[in-house]
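To start, the structure under review is shown below, and the notes come after it.
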Amino acid sequence: MKELIEYMAAPLVDHPEEIRVDEVEKDDVIIYRLSVSKEDLGKVIGKQGRVVQAIRSMVKAAAWKEKKRVWVEIMNT
């Protein structure tokens, strides 16, 4: 999953070297924290959150095949 998130975020940002994805497991949910530079934060979120919602949908679809519950959070570095 981490690679999928990095793969989707890399073309969106100006500083792909600053992309970091951390995995945290809470109860029965796996939380992926996507960190990007402060300048790229808006590009990853998108207008009205549409880009981040699309990333979340893709990750949830991939996780569904593996019978896992996931969530993606956006952080800035």
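If you read the sequence from its start, that first residue is 1, and numbering goes on from there.
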| query | In terms of hydrophobic clustering (I, L, V, M, F, W, Y; side-chain heavy atoms under 4.5 Å; direct or indirect links), are Val36 and Trp71 co-clustered? | reply | no

| Nearest non-hydrogen partners of Arg56 and Glu73, listed with the distance | NH2-CA, 4.5 Å

| If you look at every heavy atom in Ala9 and Ile19, which pair is closest and at what distance? | C-CD1, 3.9 Å

| Check: His15 main-chain N/O paired with Asp40 side-chain donor or acceptor under 3.5 Å | yes

| message | With rounding to the nearest 0.5 angstrom, report the NZ to CD1 distance, Lys68 to Ile30. | response | 5.0 Å

| task | Please answer: with hydrophobic residues joined when any side-chain heavy atoms are less than 4.5 Å apart, are Val72 and Met58 in the same cluster? | result | yes

| said: Can you confirm whether more than 12 heavy atoms, excluding those of Met1, are under 6.0 Å from its CE atom? | reply: yes

| How long is the span from the CD atom in Gln53 to the CD atom in Gln48, to the nearest 0.5 Å? | 12.0 Å

| remark: Separation between CG (Asn76) and OG (Ser37), nearest 0.5 Å, reads 8.5 Å

| query | Has Glu66 got more than 12 heavy atoms of other residues, nucleotides or ligands less than 6.0 Å from its CD? | reply | yes

| task | State whether Trp64 and Lys67 meet the cation-pi test: NZ (Lys) or CZ (Arg) under 6.0 Å from the six-membered ring centroid, and within 45° of the perpendicular axis. | result | yes

| Test applied, side-chain contact (heavy atoms from CB on, under 4.5 Å); reference residue, Leu34; option that passes from Val52, Val21, Asp22 | Val21

| Any Lys43 side-chain heavy atom under 4.5 Å of Val51 side chain | no

| query | Given side chains that start at C-beta, do those of Val70 and Lys60 come closer than 4.5 Å, heavy atoms only? | reply | yes

| query | Nearest heavy-atom pair of Ala10 and Pro16: which atoms, and what distance? | reply | O-CB, 4.2 Å

